[in-house]
Amino acid sequence: MISLRNVDKNYGSFHVLKDISLDVAQGEKVVVCGPSGSGKSTLIRCINHLEPHDRGEILLDGLTVGAARDVLAVRRTAGMVFQNFNLFPHLTVIENCTLAPKLAHGIPDREARRMAEEYLARVHILDQAWKYPIQLSGGQQQRVAIARALCMKPKVMLFDEPTSALDPEMVGEVLDVMGELAAEGMTMICVTHEMAFARRVADRVVFMDAGRIVEVAPPEQFFAAPQSERARAFLSQISH
Amino acid sequence: MNFDPSTFWEALFSWPFLRGALLTLGLTVAAHMAAILIAVPLAVVLNGPPSALRKLITAYVGFFRAVPTLLQLLFVWNALPQIFPIFREEWFTPFLAAWIALSLNESAYQVEINRAALSSVDGGQMAAGQAIGLKKSHIYRYILLPQALRVALPPTMNEFITLLKLTSLASIISLQELMTVTQINVARTFQFSEYYAVALTWYLVMVYSLMGLQKLVERRFRWASRTEAAALAESRRGRGW
């Protein structure tokens with residue numbers, strides 16, 4: 001479903017991604033972790049071409065990421081959820097969800113609303129559909145952001161630290177929704193520090209450091225017996 | 001006190017003053033509309049990546065902000081016909097000349113307002129629009145510009161009010177706007193206070209109506225306020241979305 005081959009990226013003189021190769025099969029759930037500045041967010045932002053990569057090849061469901069003619073198709077294939085939610089503040093919850101289906105696919109308003117209601121119900125927030133984002137808590141906003149992405153019927157979901165900006169008591173509701181999505185068979189790549197979530201949901205954990213993939217392993221193995229010194233140091237720091 | 005109320009009331013609703021006020025308002029609306037139409041795409045370019053076009057726009061903005069408005073008016077009315085014979089014909093009226101000069105002048109200020117308003121929109125909004133697969137034009141039209149409008153509205157209204165009063169400069173190219181009509185009547189009768197009061201009244205009416213309009217428009221921006229968003233959501237829900 002997703003295939004990265006020798007991907008490189010620089011921000012000016014800063015080499016942010018170094019020779020990244022990774023394959024993600026359909027239905028697979030991959031958690032990406034690593035210290036801050038290791039290139040995790042850049043990696044998933046390259047997959048939907050929010051960040052252009054400099055060298056190497058990224059394929060997404062048969063599309064070539066970076067090819068001008070495929071840009072919109074790539075982004076409609078991969079839904080993305082951001083750390084800061086990035087809901088559209090001037091639109092109500094349901095309008096946030098219907099905007100892209102209406103504009104990108106020309107779906108009529110009534111049908112777009114019906115579909116949005118279905119997804120809002122799935123993230124347990126249908127009762128807030130008529131509100132504006134500013135009226136919602138962080139956890140609620142992030143669930144709306146997930147519904148907004150799902151409304152484009154993506155084949156892959158990319159999560160960029162979806163719970164890092166949330167108050168601790170709201171992390172659970174967002175992770176629950178992500179877990180439900182995983183259980184339904186969605187292909188997911190998730191940058192997160194929620195190791196309990198990784199243990200429970202991930203098929204593989206990708207550990208990055210200084211722009212490289214240092215280690216890829218099933219969660220049981222990664223958490224019980226990390227192979228690299230960097231991963232051991234990282235895990236001892238985050239699990240106190 | 002030497003103020004003749006009957007002169008005041010008679011002049012207030014007389015056709016020359018009404019026509020003068022309408023001309024003032026019409027010229028202001030027309031010039032500001034044109035200025036905004038010019039300024040929005042220029043601001044969008046300025047908000048994008050560096051380019052030769054961006055330098056050109058910066059130069060344009062600098063030029064029209066530097067040249068005095070009065071000089072621009074005089075140039076368009078007097079010098080343009082000298083350079084281009086096509087402007088010597090009947091259709092080139094003082095209104096048209098004032099409209100061209102004020103539009104160009106105002107567009108330079110409006111570019112800066114719109115650019116600042118656009119850059120005030122959080123960068124995550126563009127990213128979110130791209131991530132759900134929208135085209136750039138749709139992202140600007142449905143996501144960035146509506147949010148920028150909230151920020152741009154108060155300074156834009158300031159500009160409108162300034163422009164409304166700047167139109168009085170067009171009296172120098174013989175446009176029969178509100179101040180020209182006032183000056184003519186004063187020169188004829190020496191009843192300064194009565195006719196100045198008429199002009200003042202009409203300027204006040206126009207500006208205050210506009211401020212009322214601004215308040216109405218701003219009610220649509222209550223989504224940005226933690227305390228008022230609920231009222232807007234409820235009112236939209238009451239009207240069936």
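Naming convention: chains lettered A, B, ... in sequence-line order (proteins, then strands); numbering from 1 in each chain. None of the values given here were measured: they were computed from a predicted structure.
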Parallel, tilted or perpendicular, as decided by the 30° and 60° cut-offs, for the rings of B:W77 and B:F92: parallel
Polar side chain donor-acceptor pair, A:Q142 to A:T163, under 3.5 angstrom: no
Aromatic ring pairing B:W223/B:F221, orientation class (parallel under 30°, perpendicular over 60°, tilted between): perpendicular
Leading residue by heavy atom contact count with chain B [cutoff under 4.5 Å; candidates A:Q135, A:M152, A:R76]: A:Q135
Main-chain N/O of A:P35 paired to A:S38 side chain as donor or acceptor, under 3.5 Å: yes
Chain B contacts, top residue of A:L50, A:L72, A:L103, A:L158 (heavy-atom pairs, under 4.5 Å): A:L103
Cation over ring face, B:R236 and A:Y132, 6.0 Å, 45°: no
Greatest number of heavy atom pairs closer than 4.5 Å to chain B - which of A:L99, A:N84, A:L91: A:L99
A:A182 backbone acceptor or donor facing A:K29 side chain under 3.5 Å: yes
Pick from B:E234, B:R220, B:R150 with the largest number of heavy-atom pairs that fall under 4.5 Å of chain A: B:E234
Under 4.5 Å from any heavy atom of chain B - which part of A:F88: both
When B:A224, B:A127, B:G129 are compared by non-hydrogen pairs under 4.5 Å with chain A, the top option: B:A127
Option that, when pairs with chain B are counted at under 4.5 Å, heavy atom only, ranks first among A:A100, A:A78, A:P89: A:P89
Heavy-atom proximity to chain A below 4.5 Å, by part of B:T227: neither
